[in-house]
2 protein chains.
Amino acid sequence: MQNCETCIIRSKAVNTLNPKELRFLMESCAETTYNPRESIIKEGMLSSHIAYLKSGLAMVSKKGVKGVDQILKIVQPGNYLGLQTILFEKVNQFSVTALDKCVVCFIDNLSFKELISRNNQFANELLLFLCREELTYFERFVNIHQKQIAGRIADIILFFSEKIYANALTFEMPLSRGDIAALVCTTRESVTRAIKDLSEIKTIRVTGRKFEILDLARLKKINQSG
Amino acid sequence: MQNCETCIIRSKAVNTLNPKELRFLMESCAETTYNPRESIIKEGMLSSHIAYLKSGLAMVSKKGVKGVDQILKIVQPGNYLGLQTILFEKVNQFSVTALDKCVVCFIDNLSFKELISRNNQFANELLLFLCREELTYFERFVNIHQKQIAGRIADIILFFSEKIYANALTFEMPLSRGDIAALVCTTRESVTRAIKDLSEIKTIRVTGRKFEILDLARLKKINQSG
DNA sequence: TTAATTATTTGATTTATATCACATTTAATA
DNA sequence: TATTAAATGTGATATAAATCAAATAATTAA
């Protein structure tokens, strides 16, 4: 059993719970640690719990018609993972894989639903969470097709720099070239070439998985212009 | 003021309201009728209401980096339109346009939020609605890149036949060739060509906007195989 | 350390689709 | 009904990116 009362990365939703509800949550909560590349949620498997990422970095992916996995998003600590599956209790509609060492809290579906119907502030926060997520997908959907590969690569480099590594200009990319391809809807080879192109015009410097942004303004421009 | 009490296309969420709450909803509700191609919600404009599609067909679209509008989805009666904007009260993140003659109910944001916090069954139904929507987007996102144009066109023909026109094999397409392009992420010309290709192998017959499915099995196969 | 995988890079080639330019049909308006 | 405008179709061409194939580089296992 976890101590949700002292958890420092509690979700906004959990923050709305009263002491009694929080104890109820604690009693139906279990914490697990994952190594990099370990599967946290497996698409097609029976789902019984909602996952909450306490620490580490994870990715959400889903199989398409060709059987190839596409990465839907990178998840940071403080986010729910299987929220959308509350509906389809039966099977997971996507996979979640650890990129770092990850600490994940699991809450069983039933208890989670119980909290939703008990506390409407809790439900409200979840609503906001889902709305925000959906708008992010809209953005992503609309842009991924209107940009060519260099633009999309610029986009994810900026994403990691800004969103994941707090505006660091140098960072270690947790994704392989193949992962990046699955994230921006292209092939491994095209990712390599796009990175090479961006390097040749001195916008970035890349050695293996170490990424360094040399010309932030230009990178942003490439991201915008596609 | 509308009569929500007798509305036959009430959302599952609204069905959870008690008589008092329903009256509250009615008092903050206004109904408007739109002609085909009329704008119901305009991206970038200040948003103050949540829209609910009572009848007709509408499309949700959003501008990408290139300034080109992409169609995110086709909305059928019984669905909320601006739900995701509850968060960003300021501006609409997408546009909604009528395809048919549409009847739309508007509820002001504040009253809607009030209902969420008053009735947790209401909030719960909205949660389920958003979850279902998100899973649909996942599906769409993952597949649109793994299929080539013929497969995507097959997909939307099947979508209209099955989902919009109750499995009718003959139907009037409410979208122009350009709209279809915006929906499946391609160009007007490529849509024309794909339709021509499908027609030549006698899978469909198309005259103007009249679509007829001749070989359903084959169309489904093309949809699956990409 | 060496061998054996696995990941990445690079070049050559192919292909699906975008783009351009123009013809034709259909719908809207005077 | 004639005139204009908008939507659609069609061919030629260009191009971004996929695919194929093979060489390096980097990990992992023995």
Side-chain angles (χ1 to χ4, degrees), chain A residues 35-38 64-71 97 99 143-157 172-201 204-211 222 225-226, chain B residues 35-38 64-71 97 99 143-157 172-201 204-211 222 225-226:
Chain A
N35 287 320
R37 297 284 141 181
E38 252 193 287
V65 275
K66 277 193 187 170
V68 181
D69 260 61
Q70 211 78 42
I71 300 179
T97 312
L99 291 172
N143 282 326
I144 207 129
H145 266 275
Q146 298 197 6
K147 282 183 191 174
Q148 51 199 65
I149 294 174
R152 295 187 227 159
I153 296 295
D155 190 46
I156 79 118
I157 294 172
E172 193 77 12
M173 168 64 69
L175 302 174
S176 71
R177 300 295 191 265
D179 290 337
I180 297 174
L183 183 58
V184 304
C185 304
T186 182
T187 58
R188 208 190 61 238
E189 294 95 322
S190 293
V191 170
T192 300
R193 272 182 264 264
I195 289 173
K196 197 188 166 198
D197 290 348
L198 288 173
S199 300
E200 272 169 3
I201 58 169
I204 55 173
R205 173 158 48 214
V206 178
T207 31
R209 290 198 178 185
K210 196 193 150 220
F211 278 66
I222 291 166
S225 63
Chain B
N35 286 321
R37 297 283 142 181
E38 251 192 288
V65 275
K66 277 193 187 168
V68 181
D69 259 62
Q70 210 79 42
I71 300 179
T97 311
L99 290 173
N143 281 326
I144 207 131
H145 265 276
Q146 298 197 7
K147 282 183 192 173
Q148 50 198 67
I149 293 173
R152 294 187 229 158
I153 296 295
D155 190 47
I156 79 118
I157 293 173
E172 192 76 13
M173 168 65 68
L175 303 174
S176 72
R177 300 295 190 265
D179 290 337
I180 297 174
L183 183 59
V184 304
C185 304
T186 183
T187 58
R188 192 181 48 80
E189 294 95 323
S190 293
V191 170
T192 300
R193 273 183 263 264
I195 289 174
K196 198 187 163 200
D197 291 348
L198 288 173
S199 300
E200 271 169 3
I201 58 169
I204 55 172
R205 173 159 46 215
V206 179
T207 30
R209 289 197 178 188
K210 195 193 152 222
F211 279 64
I222 291 166
S225 64

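Proteins come first, then strands; the chains are lettered A, B, ... in the order of their sequence lines, and each starts at number 1.
Whole-Å rounding puts the A:R209 CZ to D:dA26 P distance at 13 Å. Across the protein-nucleic acid pair, A:Q146 atom CD and D:dA17 atom P stand 14 Å apart, rounded to whole Å. Rounded to a whole Å, the CD1 atom of B:I153 is 13 Å from the P atom of D:dT8. Atom CD1 in A:I195 sits about 9 Å away from atom P in C:dT8, given to the nearest Å. Regarding A:I180, its CD1 atom lies at a distance of 17 Å from the C1' atom of D:dA17, rounded to whole Å. For the pair A:R177 CZ and D:dT27 C1', the computed distance is 15 Å after rounding to whole Å. Between the P atom of C:dT8 and the CE atom of A:M173 lies a distance of 11 Å, rounded to the nearest Å.
Within a 6.0 Å sphere centred on CZ of A:R205, other residues, nucleotides and ligands contribute 12 heavy atoms or fewer.
Checked options B:I71, B:I156, B:D155; the residue passing with B:V184 is B:I156 (criterion: side-chain contact (heavy atoms from CB on, under 4.5 Å)). Checked options A:R152, A:R177, A:K196; the residue passing with A:V191 is A:R177 (criterion: side-chain contact (heavy atoms from CB on, under 4.5 Å)).
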Listed pairs, N/O of protein and of nucleotides 11-20 of chain C, under 3.5 Å:
residue : atom : partner : partner atom : Å
C:dG11  : N7   : A:R193  : NH1          : 3.0
C:dT17  : OP1  : B:I149  : N            : 3.1
C:dA18  : OP1  : B:T186  : OG1          : 3.1
C:dA18  : OP2  : B:T186  : OG1          : 2.7
C:dA18  : OP2  : B:T187  : OG1          : 3.3
C:dA18  : OP2  : B:S190  : OG           : 2.5
C:dT19  : O4   : B:R193  : NH2          : 3.0
C:dC20  : N4   : B:E189  : OE2          : 3.3

Heteroatom pairs (N/O) under 3.5 angstrom, protein to nucleotides 22-30 of chain C:
none

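Under a 4.0 Å N-O distance rule, the pair A:D179/A:R188 does not qualify as a salt bridge.
Counting heavy atoms from C-beta on, the side chains of B:R37 and B:L99 come closer than 4.5 Å. A heavy-atom distance below 4.5 Å is not found between the side chains of A:Q146 and B:C185.
A:I222 and A:A154 make their closest contact through CG2-CB, 4.0 Å (heavy atoms, listed as atom of the first residue, atom of the second, distance). The heavy-atom pair separating B:A194 from B:I153 by the smallest distance is CB-CG1, 3.7 Å.
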